[in-house]
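Okay, structure first, notes after.
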Amino acid sequence: MTIKEIQEDIIDEFSMFDDWMQRYEYMIELGKSLPLIEEQYKTDDNLIKGCQSKVWVHAELDGDKLVFTADSDAIITKGIIAILIRAFSNQKPQDIIDADTEFIDEIGLKEHLSPTRANGLVSMVKQLKLYAIAYQTQLK
Amino acid sequence: MTIKEIQEDIIDEFSMFDDWMQRYEYMIELGKSLPLIEEQYKTDDNLIKGCQSKVWVHAELDGDKLVFTADSDAIITKGIIAILIRAFSNQKPQDIIDADTEFIDEIGLKEHLSPTRANGLVSMVKQLKLYAIAYQTQLK
Amino acid sequence: MVTKTLDIQKIRKDFPILQREVNGKPLVYLDNAATSQTPQQVIDVIVDYYQRYNANIHRGVHTLSQEATDAYEAARHKIQKHFNIAHSHEVIFTSGTTQSINLVATGFTSFLEEGDEILVSAMEHHSNIVPWQMLCERTGAILRVIPMNLDGELVMEAFHKLLSNKTKLVFCNHVSNALGTINPIKEIIDAAHKVGAAVLIDGAQAAAHIKADLQALDVDFYTVSAHKMCGPTGVGILYGKEEWLKKLPPYQGGGEMIAEVTFEKTTYADLPHKFEAGTPNICGGIAFGAALDYMNGIGLDVIARYEDELVQYATEQLLTIKGLKIYGTAAHKTSVISFNIEGIHPYDIGTIVDKLGIAVRTGHHCAQPIMDFYEIPGTVRASFSFYNTKEEVDKLVEGVKRAKDMLL
Amino acid sequence: MVTKTLDIQKIRKDFPILQREVNGKPLVYLDNAATSQTPQQVIDVIVDYYQRYNANIHRGVHTLSQEATDAYEAARHKIQKHFNIAHSHEVIFTSGTTQSINLVATGFTSFLEEGDEILVSAMEHHSNIVPWQMLCERTGAILRVIPMNLDGELVMEAFHKLLSNKTKLVFCNHVSNALGTINPIKEIIDAAHKVGAAVLIDGAQAAAHIKADLQALDVDFYTVSAHKMCGPTGVGILYGKEEWLKKLPPYQGGGEMIAEVTFEKTTYADLPHKFEAGTPNICGGIAFGAALDYMNGIGLDVIARYEDELVQYATEQLLTIKGLKIYGTAAHKTSVISFNIEGIHPYDIGTIVDKLGIAVRTGHHCAQPIMDFYEIPGTVRASFSFYNTKEEVDKLVEGVKRAKDMLL
Ligand SMILES: Cc1ncc(COP(=O)(O)O)c(C=O)c1O
Ligand SMILES: Cc1ncc(COP(=O)(O)O)c(C=O)c1O
């Protein structure tokens, strides 16, 4: 599936919820099921700045696709990064670079989209894209 | 005449004026007729701080009375110090120390009475009283 | 004897912000330790300033400038009176506690020698740590930490042992913003003075709850931020004893703080102007005075009694939640409850209760050393003011329970 | 081509203070160089802040804190855009120009050596002299003065001769507050860069009249105070090129400006936070943004054209008074007329015209070296804004004539 298709899926799933509580409960579920980063990659280098909670993201090439794993010490943050990883992992670096993040808005997490937000969603997206740019150069 | 009597006189004189213009014109007249300080006493020591214009005041004992002379480079300031000198000069130090300054209010110069005012009326009164305290000690 | 009590419904009407909704729920504002809310009376003073007599102060001959100067200086006198300060020129207007502390820390550069010691309490706000670290770097002085116990109280025996004739400065907050502990500052001040050390007390967190008598305390420096006591942002004060303020070099250069300027030589103005370079936060200073008027209108003793009840109630209610642990259980504390629930990150709780309209702070509260001490990433902090109610406490407890259910 | 003009009656309605009376006469406010007046649009933003989303910013999880943070950062972006600044983190919020300059002057302490030279223009405000004198005292660097001529223009040949590889810093105001001279800052910046010197331009007096394009100017530092451009008191900015801001050490220690704090070691946060210790003037920053919106709504080019006309008219009219001498007759000037009447002290004129409701400033305007240059105790300064009118100019001229008649 393309990033766009996955994002559509996510939007569909979230559209079933009536209120923020269900959305957050689902996000917490997603957080709990996040494919965990290996302990050795929980380094300061992989730590994303600008979050109130700690978030580590690791990236690895699998063929020409980039695979992300992540963890956080806060469960809601983990849910957010889980959604991002679902949308962006296992994709070609160039596609990750080109992807937009409007689906965040559409699944009712708009309040997290401001760059000044303490949860660092914007920093996370930035970090995923930075990885993509780095590996893109490596692929060439 | 006592300080109080002189102050009453001054209040009487000013009560003849209908508006600020006449009051200020009179003050300017008073400033022009101020008994000038001798050039040698226009020292930094005799300069009063806190005024936008320069004001020098000199004090000298004449018997048991204190005599003030003064000057300023601004004419309205000179008028103000002239009024103060008229009220306080040629008086016993203790009387100067005890005197109040409510007549300033009554002659319509209330706006000059705030300690934060740029013309330094309050500083001037303070300086005259400081001289009186100094000479009072000397007299004893 | 009639004890004055507080008419909470009347008071809440004074605060327009308390009428708003957040996420469709009535706002429950429990982040008062970060910033207090502003009563309409103070807002009115701000509006009146800009609508009627906004002007640059001091040295101005025209009416507007004189009115603004009078109002600004009247505010200084209100502050002087409120804290029982001997001279109004011992009240230095600053942009807030952080600047007040930096002013002193920078000024002490020339007073310290290598090997001199500075004592700092273990529960300081970063604003009362970093400037002194920078001072130590400049001078070679050594920072020594007064330890605290698990209740969040300073270990006073250790403090007394740390004191010596090498001690030049002691600094400590009056109330800890992260734990709510009221520190024994009188004991600290007296003991420090015995070895000839100066004492700076950071009153940022205390000022909204305790009316400090600075002459009785005999403290050398005391700092306050207006925005934590119903005043506006961007203004605060440094209190300094006259003898210290005379000794300290000026902090910033600029207009107002000089007597004479030539390109060869500049002489500095008298106190307080020596430390007030440039156009100050004129409206802020005036509104700070109005905030004191407002609080004194209610009475700080009345406020303290009411808040103590509230905090006690909140403590009891929160402790009914299983797994909830309060950090900061000092015998003397005020208005702050810092807590965590086992297995849950404070950020998660803050996020969920925000959805319910409840504003609490989460994180290290600019006091990382405290978090390191307890080996936690941060806490959830509910901090109370006199306009909060028991019903709001109930909503908080309700919200935390709901968050716990969702998150565990 | 349609040239936008200014609807003066509509504009004056935006400023409540212009409706007031002083000493029974309608206020004629001509002290704009000291502080500009505040339109209702900006006052409304202040009120809205305190009534709706007052909260401490950054790190806050709750809605109020996030709204306040968004608004504060949006203001930073407005400022960035207004001055055509490359990165928003090159905009440092300060308490005003004086603090902005002190931040840079303190930061340069470790960059200078004995014998290095700093050039200062002869027409600086004390805020742009004293901090550098203090810097020279700390470092042994030498302050050299770029002379001016009797018209109040910098002698540029002398400036070019003063430049050498010893020159490390040049600082100069964009517009002189005492004379109104617009300085040739592009020439100064380019020449200084050729010898490797950094340039700080004090834009306090320019910002309300000239929209500076900081990237085109290629200036290293630029300073602005909000209260001089329809904004509130207690806030301003320092613009610094990223490379300089990265090099400069932090100015104040405290909350917000750190990444990690332990008692052993502290690491500093990224730009702009490194220079923004403590709770900032949150409301002030937001209102500063609103003031820019207001001025841009009219257009700075429209404003400048209107003001130029006004100043020209006022100059002509004032010069009809016998014995009146204008200080500052540069070919390029804006919005300020400094003058004296032979045989009369400026304070006397200021006092009399105040009685007529006219607010002018008298004295040395925090620029004593200029007064020393002309060998005068001070001047009367009328300074204009876009909300002033020709009728007000007429009243000023009338008032000065009346003062002269009374005083001579
Ligand atoms: C040219 C100039 N520089 C600096 C300043 C100082 O600005 P502030 O007092 O806002 O810090 C002023 C204000 O009078 C000024 O006109
Ligand atoms: C104990 C304490 N000290 C210092 C500060 C810093 O105050 P400000 O940010 O107003 O400068 C705070 C505010 O959070 C505080 O609570």
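In what follows, every chain begins at residue 1, and chains take the letters A, B, ... in the order their sequences are listed. Nothing here was measured: the structure is a model prediction, and the numbers come from that model.
When all heavy atoms of Y251(C) and M134(D) are compared, the closest pair comes out as O-CE, 3.8 Å. Scanning both residues, V261(C) and Q368(D), for their nearest heavy atoms gives N-OE1, 2.7 Å.
For N102(C), the part lying near chain D is the side chain, with the backbone staying farther off; criterion is any non-hydrogen pair under 4.5 Å. Of the atoms belonging to P232(C), heavy atoms from both backbone and side chain fall under 4.5 Å from chain D. Within the 4.5 angstrom heavy-atom criterion, no atom of F15(C) approaches chain D. Proximity to chain D is limited to the side chain of D372(C), based on heavy atoms less than 4.5 angstrom apart. Residue S225(C): no heavy atom, backbone or side chain, is found under 4.5 Å from chain D. When heavy atoms are compared at a cutoff of 4.5 Å, R52(C) approaches chain D by way of both its backbone and its side chain. With a threshold of 4.5 angstrom between heavy atoms, V360(C) approaches chain D through N, CA, C or O but not through any side-chain atom. Neither the backbone nor the side chain of I352(C) comes within contact range of chain D; no heavy atoms are under 4.5 Å apart. Interface residue Y53(D): backbone and side-chain heavy atoms are both found under 4.5 Å from chain C. Interface remark: V145(C) contributes side-chain atoms only to the contact with chain D (heavy atom separation under 4.5 Å).
When each of T97(C), I129(C), V353(C) is checked for heavy-atom pairs under 4.5 Å with chain D, I129(C) comes out on top. Comparing I101(D), T106(D), T38(D), V47(D) by how many heavy-atom pairs each has under 4.5 Å with chain C, the most go to T38(D). Note: H227(C) leads E124(C), H227(C), H125(C), E137(C) in heavy-atom pairs under 4.5 Å with chain D. Counting heavy-atom pairs under 4.5 Å between each of C366(D), P131(D), G284(D) and chain C puts P131(D) at the top. The most heavy-atom pairs under 4.5 Å with chain D, out of L64(C), L103(C), V22(C), come from L64(C). Note on S95(C), A105(C), G285(C), P369(C): by heavy-atom pairs under 4.5 Å with chain D, the leading option is P369(C). With chain D as partner, the option from G236(C), A367(C), S65(C), A359(C) having the largest number of non-hydrogen pairs under 4.5 angstrom is A359(C). When L143(D), L18(D), I258(D), D44(D) are compared by the number of non-hydrogen pairs under 4.5 Å with chain C, I258(D) comes out ahead. Ranking A277(D), P250(D), G96(D), P39(D) against chain C, the residue ahead of the rest is A277(D), based on heavy-atom pairs under 4.5 Å. Between chain D and the options E264(C), H364(C), K265(C), K355(C), heavy-atom pairs under 4.5 Å are most frequent for H364(C).
Between atom CD1 of residue I17(D) and atom OH of residue Y49(C) there is a gap of 8.0 Å, rounded to the nearest 0.5 Å. How far CD of Q40(C) is from OH of Y50(D): 12.5 Å, rounded to the nearest 0.5 Å. Atom CG of residue N23(D) and atom OG1 of residue T63(C) lie 4.5 Å apart, to the nearest 0.5 angstrom. D48(D) contributes atom CG, which lies 10.0 Å from atom CD1 of I43(C) (distance to the nearest 0.5 angstrom). Atoms CD and CD, on Q252(D) and Q99(C) in that order, are 5.0 Å from each other to the nearest 0.5 Å.
At least one donor-acceptor pair closer than 3.5 Å links the side chain of Q37(C) to the backbone N or O of N54(D). Of the possible polar contacts, one joining the Q133(C) side chain to the F263(D) backbone as a donor-acceptor pair under 3.5 Å is found. Looking only at distances, no side-chain donor or acceptor of Q51(C) sits under 3.5 Å from a matching main-chain atom of P16(D). T233(D) places a side-chain N or O within donor-acceptor distance of the main-chain N or O of I282(C), the cut-off being under 3.5 Å.
Checking D31(D), D354(D), T351(D) one by one against H62(C), the side-chain hydrogen bond (donor to acceptor under 3.5 Å, both in side chains) holds for a single residue, D31(D).
Side chains of M257(D) and T98(C) form no contact here, defined as non-hydrogen atoms less than 4.5 Å apart. For the pair V130(D)/Y268(C), a side-chain contact is recorded, criterion being any heavy-atom separation below 4.5 Å from C-beta on.
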